[in-house]
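Worksheet for the structure shown next.
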Number of protein chains: 2
Amino acid sequence: MSFPTPGKPVRGSKSGNHLMALFDLLGRSWAMGIIWRLNEGPCTFRALQERCESISPSTLNKRLKELTTAALIQRTVEGYGLTDKGEEIFQLLHPLETWARTWAKEFNP
Amino acid sequence: MSFPTPGKPVRGSKSGNHLMALFDLLGRSWAMGIIWRLNEGPCTFRALQERCESISPSTLNKRLKELTTAALIQRTVEGYGLTDKGEEIFQLLHPLETWARTWAKEFNP
DNA sequence: AAAGTTGCTATCTTTTTTGTAGCATTGCTA
DNA sequence: TAGCAATGCTACAAAAAAGATAGCAACTTT
């Protein structure tokens, strides 16, 4: 298994540019969705699966491991949850929601 | 071929939630990388391929079509370039770079 | 002790992505 | 104007990732 790590070759940068490593991490299926849903609060594996509506356990498990390795997610007694770093990323992704709302109107005006 | 479209089922939302549609679009391999590289200025298909360091023409072509359909990218006499909407997304992604720099230090302190 | 919940793993199928070759078109340039 | 380079792809096969589904081991609750 390979986890995108800054400093090692990643998609978009053979030298492991930090931003490309992040894009590689966040650009995998469900990664951003998981972060988004976890911001509602920590929860169990199965509950998270339901929040995501249709993610398979294998994919969820893989993403959780990657995001945990990347220190965006941690496991506590409450289940899986965002770390401080994870919440920071959430905050950075947050503005996308407003943008997406406007964007959506152009498809369904 | 399927393009993630708000209002239609996408990864993370059967009802096509706009944000999940955007995550589906941006969360495909190279999507964010392409937007990032295009911000350097419009360029030809082959030049873009080189900027990306290692993307295959088939993937690049597919992403370009998706991003064009999504109105983030357009084609002009200068080649492929960001639309106004595309630049907006770039601006929203921009803060990730600073964050990623700090994050990288924790992997290679 | 039986039943339910949880966090997965195993297995198989389908979809994506990759790698590589190469073709058709355009624009030089000799 | 015949050749050559550059461009924007497409074709095709192989590898990797994601998805669907079943089910098991551990732990709790009843």
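For clarity, every value in this text was computed on a predicted model and none was experimentally measured. Proteins get letters first, then strands, A, B, ... in listed order; numbering begins at 1 in each.
When rounded to the nearest whole Å, the span between CZ of A:Arg28 and C1' of D:dA18 equals 12 Å. As a whole-Å value, the separation of B:Leu48 CG from D:dC9 C1' is 13 Å. Rounded to whole Å, atom C1' of C:dT15 lies 8 Å from atom NZ of B:Lys62. Atom CZ in A:Arg11 sits about 10 Å away from atom C1' in D:dA16, given to the nearest Å. As a whole-Å value, the separation of B:Gln49 CD from D:dT7 P is 11 Å. Summarising the geometry, the separation between CZ on A:Arg46 and C1' on D:dT28 is reported as 14 Å, rounded to the nearest angstrom. Between A:Asn61 atom CG and D:dC24 atom P there is a gap of 19 Å when expressed in whole angstrom units. Residue A:Arg75 contributes atom CZ, which lies 9 Å from atom C1' of C:dC8 at whole-angstrom precision.
Residues passing the side-chain contact (heavy atoms from CB on, under 4.5 Å) test with B:Gln91 are B:His94, sequence neighbours excluded.
Side-chain nitrogen and oxygen atoms of A:Ser56 include none within less than 4.0 Å of the OP1 or OP2 phosphate oxygen of D:dA18. Under 4.0 angstrom from either OP1 or OP2 of C:dT18 there lies no side-chain N or O belonging to B:Ser58. Look at B:Trp30 and you'll find a side-chain N or O under 4.0 angstrom from OP1 or OP2 of C:dT18. Phosphate proximity of C:dT17 to B:Ser29: present, with a side-chain N or O under 4.0 Å from OP1 or OP2.
Ring orientation note: the planes of A:Phe107 and A:Trp103 are nearly perpendicular, at an angle over 60° on the 30°/60° scale. A:Trp36 and A:Phe90 have tilted rings, their planes meeting at an angle from 30° to 60° on a 0 to 90° scale.
Contact of the B:Glu53 side chain with the A:Met20 side chain is not registered, since no non-hydrogen atoms from C-beta on lie closer than 4.5 Å.
Comparing A:Ile55 and B:Leu64 against DNA chain D, the residue whose closest nucleotide sits nearer the 5' end is B:Leu64.
Looking at B:Thr44, its side chain has no donor and acceptor atom pair within 3.5 Å of the base of D:dA6.
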Should A:Leu26 and A:Ile35 be marked as a side chain to side chain contact (heavy atoms under 4.5 Å, CB included) after you check the CA-CA gap, both sets of side-chain angles, and the distance that decides it? CA-CA 9 Å; A:Leu26 295 181; A:Ile35 291 169; 3.7 Å; yes

